[in-house]
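When reading the values below, keep in mind they use all heavy atoms of this one structure, side chains included, and skip hydrogens, waters and symmetry mates.
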Amino acid sequence: MMAPAAAAAAAEAVAGDSAALDSLKLESDQLAVVGLDLDEIPASLGAKFGGKTRRLDLSFNNLSALANLEGFRSGLKELVLDNNELTAEGCEGLPELPNLETLTLNKNKIKDTEGLLATVASKCPKLNYLSLLGNKACPNELVSSDKDEEDYQRYRYFVLHKLSSLKFLDSRAVTAEERAEADRVGAFMRIVRPSAEGGAATVETPAGGDGVGGKGTADDGYTPLPPSQDRMGRHSGSFGQARYVYFGKNSEGNRFIRDNDL
């Protein structure tokens, strides 16, 4: 049983949150619901403000799921969800937001990049700005000391492969060269995470031709070869241009040279 003092404090906090929600006002077309320690999005927000809100700021709360945003479906263009408790699974409740152009999810608990991108791609077809800074899904030195610019660039290629309409990702605009490289290699920017129990590593495979990726283990038969070459009896040779040329004394070009000529 809750102590009388604790119960009184909890009741006072609820009353304070309720008063704060009641005092919310739409300024122009923007609604800020910031720092209220909300565990869920009140359904009353959409009913009261949904039709007129173009920018909704729900940052600095305790949100772990995105239910009750249906009321903002028609007109919302910018959704700010920074500094919450959201995971990729928690974002699956995001409703279809056909006009959303900007989504920021900085400093949440998102680890599953591919899962999140699948949700965003299916629910936000007009999105052109996405920011995931401060999440493990966004590998950079600000989050993990063992990450570097190459890790971050691979992540960008993968995100741009999944969300080809993006014009701005995190803190940087998307360049034409970067988009072209994402088209070329983005599908192969896969992640392998060692198992915490010391077993086989978890492998997140890139999306296939149907746009659906998957997970497996490092010893489940995964191969980077195209399907036409990954079965016995159907193998065909491949060729390409080598990136490196070796000019040392043991190179192919020197095999007919006598030792005393070297």
Side-chain angles (χ1 to χ4, degrees), residues 55 59 66 76-82 84 86-92 94-144 146-193 202-216 222-227 240 243:
R55 182 182 191 273
S59 56
L66 295 180
L76 195 64
K77 291 189 174 183
E78 182 175 352
L79 180 57
V80 181
L81 293 162
D82 300 343
N84 278 283
L86 291 165
T87 63
E89 292 77 12
C91 292
E92 290 177 356
L94 187 72
E96 290 186 10
L97 298 171
N99 297 304
L100 193 71
E101 298 175 353
T102 297
L103 175 62
T104 68
L105 287 157
N106 301 313
K107 293 189 177 180
N108 276 275
K109 296 185 175 180
I110 300 169
K111 299 178 182 179
D112 180 6
T113 311
E114 189 165 2
L116 175 72
L117 297 180
T119 297
V120 173
S122 64
K123 303 296 180 65
C124 310
K126 290 186 179 179
L127 196 72
N128 56 49
Y129 178 97
L130 175 68
S131 186
L132 299 175
L133 292 169
N135 291 280
K136 289 189 176 181
C138 174
N140 59 43
E141 294 175 300
L142 297 176
V143 176
S144 302
D146 62 335
K147 303 300 180 184
D148 57 24
E149 180 61 25
E150 290 186 2
D151 294 311
Y152 179 66
Q153 189 59 64
R154 284 192 290 269
Y155 145 86
R156 285 181 66 88
Y157 289 147
F158 186 68
V159 173
L160 295 175
H161 164 69
K162 292 290 187 178
L163 301 176
S164 58
S165 64
L166 288 185
K167 297 178 181 178
F168 211 99
L169 176 58
D170 299 329
S171 59
R172 284 168 22 193
V174 178
T175 65
E177 294 78 7
E178 189 175 34
R179 191 181 304 282
E181 188 68 3
D183 290 341
R184 189 178 73 86
V185 303
F188 307 104
M189 298 295 102
R190 51 200 296 273
I191 300 170
V192 179
R193 294 191 180 93
T202 298
V203 176
E204 294 183 5
T205 61
D210 57 358
V212 179
K215 292 184 179 180
Y222 171 78
T223 171
L225 291 174
R243 292 191 176 189

Novice: So which heavy atom on Tyr157 is nearest to which on Val185, and how close?
Specialist: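 Here Tyr157 and Val185 meet closest at CD1-CG2, 4.0 Å.
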Novice: With distance as the sole test, does Arg179 use its side chain to make a donor-acceptor pair with the main-chain N or O of Leu166 at under 3.5 Å?
Specialist: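 Yes: the side chain of Arg179 pairs with the backbone of Leu166.
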Novice: For residues Ala182 and His161, report the shortest heavy-atom separation together with the two atoms involved.
Specialist: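 The answer is O-CB, 4.0 Å.
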Novice: Got a donor-acceptor contact below 3.5 angstrom from the Ser165 side chain to the Lys126 backbone?
Specialist: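 Answer holds: no.
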Novice: Which of these passes side chain to side chain contact (heavy atoms under 4.5 Å, CB included) with Leu130: Thr104, Leu117, Thr102, Leu116?
Specialist: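 Exactly one pass, corresponding to Leu117.
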Novice: Atom SG in Cys138, atom CG in Leu169: separation rounded to 0.5 Å?
Specialist: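 Result: 7.0 Å between the selected atoms.
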Novice: Over all heavy atoms of both residues, which pair between Gly115 and Ala88 is shortest? Give the atoms and the distance, please.
Specialist: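 Taking every non-hydrogen atom into account, C-CB, 4.5 Å.
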Novice: Taking the ring centre of each residue, are Tyr152 and Tyr155 less than 6.0 Å apart?
Specialist: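 Yes, the ring of Tyr152 comes within the 6.0 Å limit of the ring of Tyr155, centre to centre.
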Novice: Cys124 and Leu94: which non-hydrogen atoms are nearest, and at how many Å?
Specialist: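 So the two residues come closest at SG-CD2, 3.8 Å.
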Novice: Are any side-chain N or O atoms of Asp82 and backbone N or O atoms of Ser59, one a donor and one an acceptor, separated by less than 3.5 Å?
Specialist: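 No, because the side chain of Asp82 does not come within donor-acceptor range (under 3.5 Å) of the backbone of Ser59.
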Novice: At what distance, to the nearest 0.5 angstrom, does CD of Glu101 lie from CG of Leu79?
Specialist: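 Going from CD on Glu101 over to CG on Leu79, the span is 13.0 Å.
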Novice: Quick check for you: to the nearest 0.5 Å, what is the distance between Arg55 atom CZ and Glu78 atom CD?
Specialist: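 Nearest 0.5 Å value for the CZ-CD distance: 4.5 Å.
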Novice: Filter on ring-ring contact (aromatic ring centres under 6.0 Å, His included), then keep only pairs touching residues 95-121, sequence neighbours left out; what's left?
Specialist: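 Residue pairs with at least one partner in residues 95-121: there are none.
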Novice: Got Leu103 and Leu81 here, is their nearest side-chain heavy-atom distance under 4.5 Å?
Specialist: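 Side-chain contact under 4.5 Å: yes.
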Novice: Return the set of residues passing side chain to side chain contact (heavy atoms under 4.5 Å, CB included) with Thr87 (not counting sequence neighbours), or none when no residue passes.
Specialist: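 By the side chain to side chain contact (heavy atoms under 4.5 Å, CB included) rule, Thr87 matches Glu89, Lys109.
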Novice: If you look at every heavy atom in Ser122 and Thr119, which pair is closest and at what distance?
Specialist: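 Closest approach of Ser122 to Thr119: OG-O, 3.0 Å.
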Novice: Using a 3.5 Å distance criterion without hydrogens, assess whether the side chain of Asp183 forms a donor-acceptor pair with backbone atoms of Glu181.
Specialist: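 Between the backbone of Glu181 and the side chain of Asp183 there is no qualifying donor-acceptor contact (under 3.5 Å).
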Novice: Quick one: does any side-chain atom of Asn135 pair with a main-chain N or O of Asn108 as donor and acceptor, under 3.5 Å?
Specialist: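 At least one qualifying donor-acceptor pair exists.
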Novice: Using side-chain heavy atoms (C-beta onward) and a distance below 4.5 Å, is Asp170 in contact with Leu132?
Specialist: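 Yes; the side chains approach each other to less than 4.5 Å.
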Novice: For Arg156, run the salt bridge (Lys or Arg N to Asp or Glu O under 4.0 Å) check against Glu149, Glu177, Glu178, Glu150 and tell me which one passes.
Specialist: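 One option only clears the test, and that one is Glu178.
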Novice: Would you check, one step at a time, whether the test side-chain contact (heavy atoms from CB on, under 4.5 Å) holds for Glu114 with Phe158?
Specialist: CA-CA 9 Å; Glu114 189 165 2; Phe158 186 68; 4.0 Å; yes
Novice: Going by the rule side chain to side chain contact (heavy atoms under 4.5 Å, CB included), which residues pair with Lys167 if we only count those two or more places apart in sequence or in a different chain?
Specialist: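 Partners of Lys167 by the side chain to side chain contact (heavy atoms under 4.5 Å, CB included) criterion, ordered by chain and then number, come out as Asn128.
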Novice: Identify the two heavy atoms, one from Leu97 and one from Pro125, that lie closest to each other, and give their separation to 0.1 Å.
Specialist: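 Smallest interatomic distance, heavy atoms only, reads O-CD, 4.2 Å.
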Novice: Quick one: OG on Ser131 to NZ on Lys107, what's the gap to the nearest 0.5 Å?
Specialist: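 It is 11.0 Å, given to the nearest 0.5 Å.
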Novice: Is it the case that the side chain of Asn106 and the backbone of Gly134 share a donor-acceptor pair, with hydrogens and angles ignored and the cut-off at 3.5 Å?
Specialist: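 No.
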